[in-house]
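First the structure, in the form of structure tokens, and then the observations on it.
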Amino acid sequence: RRRGPDAEPRALVAPGAREAAEAAAIPADPRAAVLAAYARMESALAGVGLARRPSDAPREYLARLEAGLGGGRAPAARLTELFERARFSPHPVGEESRAEAIGALDTLRMELEAPG
């Protein structure tokens, strides 16, 4: 995907969010699905110049995204919470977390595709 000179980051991120939601449904393990969803969101955002810095913790990255995206903060925040739980917690990650991750990605996509 190429970024046109007048392309708005929000419009470019939306297709990546849609792809991430589709990818999150694939892994058999719910923990892997949540991690995959977050990774795909990161990848889509990096493709439009909103890459996570190596030194960024997930919440620091989220704070930088708010200014760059101009919207979509609530679903991105929820996906970040789910990612942190799946990545750093020893507690089980169930189907409800997979569904929430997919829902957050879908909401993010809708918010980014919405006009202005």
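Because only heavy atoms are used, hydrogens play no part in the values below, and waters and symmetry mates are left out as well, while side chains stay in. Everything numeric in this text was worked out from a predicted model, so none of it was measured.
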Query - Donor-acceptor contact below 3.5 Å, side chain R98 vs main chain I102 - result: no

Query - Test side-chain contact (heavy atoms from CB on, under 4.5 Å) applied to L35 and R87, step by step - result: CA-CA 7 Å; L35 297 175; R87 175 69 175 89; 3.8 Å; yes

Query raised in the report: Nearest heavy-atom pair of E42 and Y61: which atoms, and what distance?
Result: CG-CE2, 3.7 Å

Query - Partners passing salt bridge (Lys or Arg N to Asp or Glu O under 4.0 Å) against E60 (at least two apart in sequence or in another chain) - result: none

**Report entry** Check: E81 and E100 side chains under 4.5 Å, non-hydrogen atoms
**Finding:** no

Query raised in the report: Quick one: are L79 and M41 in side-chain contact, heavy atoms under 4.5 Å?
Result: yes

Query raised in the report: What's the spacing between E84 CD and L62 CG if we round to 0.5 Å?
Result: 9.0 Å

Requested in this report: Look up atom OH in Y38 and atom CG in L82, then write down how far apart they are to the nearest 0.5 Å.
Outcome: 11.5 Å

Query raised in the report: Judged by atom type as modelled, is there a donor-acceptor pair below 3.5 Å linking the side chain of S43 to the main-chain atoms of A39?
Result: no

Report summary line: Residues A104 and P75: closest non-hydrogen pair is O-CB, 3.2 Å

Requested in this report: Please examine the side chains of P30 and E96, heavy atoms only from C-beta on, and report whether any two atoms are closer than 4.5 Å.
Outcome: no

Requested in this report: Could you pull out all residues at least two apart from A51 that satisfy side chain to side chain contact (heavy atoms under 4.5 Å, CB included)?
Outcome: A46

Query - Listed partners of S89 passing side chain to side chain contact (heavy atoms under 4.5 Å, CB included), at least two apart - result: R85, H91

**Report entry** Heavy-atom pair with the smallest gap, counting every atom of S97 and V34
**Finding:** O-CG2, 3.7 Å

**Report entry** Inter-residue atom distance R64.CZ - R53.CZ, 0.5 Å rounding
**Finding:** 4.0 Å

